[in-house]
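Reading through the structure tokens given below for one structure.
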Amino acid sequence: MKQHKRLVLSVWLAAALSACSNAAPLQWPDFTHAIQRHAPAAVGVGDAQGVLGSGFRLHDTRYVATAAHVVRALQGAPVIRWESKPWPARVVRIDDEADLALLEIAADAPMPGLVLSTRPVMPGQWVMVLGCPFGAGPTATTGIVSALPGAVLEPAALSGRMQLNAAVNPGNSGGPVIGLDGQVIGLANATIPGGYGLGFAVPVAALAALLSELPSTP
């Protein structure tokens, strides 16, 4: 009887190992092309003193989206920095509750734009966070959407944010969070000191709502 049980177990293990060996290997996304293509769309947002946060230009507009708390911290007129050059900007709209701000730049500003996604965001999907942390120059971190808004309830300001495990560093605020298709699904917003892998982003729907309140898109 024991020999029969050992034989059955051996057959089961052999079948399980065979199934594992025949299964398709896990495929990790290659972000090389995405970084090369979309990182130039990330800009620094600051003033004459330097870069305080990040942002990005919206496709086919003169708007640059960023975080409200970045704009509130400026000591003077906003300046967009792209490829180490300053571009003057003006504040168009600030939504403190959503932590979003829109700046306007000159029509001939050369920085590329990004498209806002209209697809549902799913936990587990791959994302890339672009920005200018610590005033550097566009950099990228990668990860997944860990949870949708509502998963974190305290502090209350984070209840409406997506949770990411991609690193969000000081200076990333306002930078785009994009999917593998290169479209923006959110804006980097905050992290929790001492919390490893706890980054947060404002959902792109909040930015779309802010844009819809404007009389026209320049």
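Predicted, not measured: the structure shown is a model, and the values here were computed from it.
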Do [X] and [Y] share a hydrophobic cluster (ILVMFWY, side-chain heavy atoms under 4.5 Å, transitive)?
| X | Y | value |
| --- | --- | --- |
| V45 | V202 | no |
| L116 | Y63 | yes |
| I105 | F56 | no |
| V64 | L58 | no |
| L100 | L74 | no |

If you look at every heavy atom in [X] and [Y], which pair is closest and at what distance?
| X | Y | answer |
| --- | --- | --- |
| P112 | W82 | CD-CZ2, 3.6 Å |
| L103 | V92 | C-CG2, 4.1 Å |
| F200 | V168 | N-CG2, 4.3 Å |
| A166 | V129 | CB-CG2, 3.9 Å |
| A42 | P138 | O-CG, 3.7 Å |
| A68 | D96 | CB-OD1, 3.9 Å |

Open item on the list: Can a donor-acceptor pair be found, under 3.5 Å and without considering hydrogens, that links the side chain of Q75 to the backbone of A73?
Closed with: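 Judged by distance alone, yes, a pair lies under 3.5 Å.
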
TODO: Please answer whether the main-chain N or O of C132 pairs with a side-chain N or O of S54 as donor and acceptor at a distance below 3.5 Å.
DONE: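 At least one qualifying donor-acceptor pair exists.
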
Quick one: pull up [atom1] in [X] and [atom2] in [Y] and give me the separation to the nearest 0.5 Å.
| X | Y | atom1 | atom2 | result |
| --- | --- | --- | --- | --- |
| I94 | R72 | CD1 | CZ | 4.0 Å |
| Q125 | L164 | CD | CG | 10.0 Å |
| I80 | E104 | CD1 | CD | 11.5 Å |
| D47 | R81 | CG | CZ | 9.0 Å |
| L207 | S117 | CG | OG | 12.0 Å |
| I35 | M128 | CD1 | CE | 5.5 Å |

TODO: Identify the residue among V71, L187, V43 that makes a side-chain contact (heavy atoms from CB on, under 4.5 Å) with T66.
DONE: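 When V71, L187, V43 are each tested with T66, the side-chain contact (heavy atoms from CB on, under 4.5 Å) holds only for V71.
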
- [ ] Please name all residues satisfying salt bridge (Lys or Arg N to Asp or Glu O under 4.0 Å) with D181, sequence neighbours left out, ordered by chain then number.
- [x]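 For D181, the residues satisfying salt bridge (Lys or Arg N to Asp or Glu O under 4.0 Å) (neighbours in sequence not counted) are R119.
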
Task: Partners meeting side chain to side chain donor-acceptor pair (under 3.5 Å) with E213 (sequence neighbours left out) - done: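 Partners of E213 by the side chain to side chain donor-acceptor pair (under 3.5 Å) criterion, ordered by chain and then number, come out as R93.
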
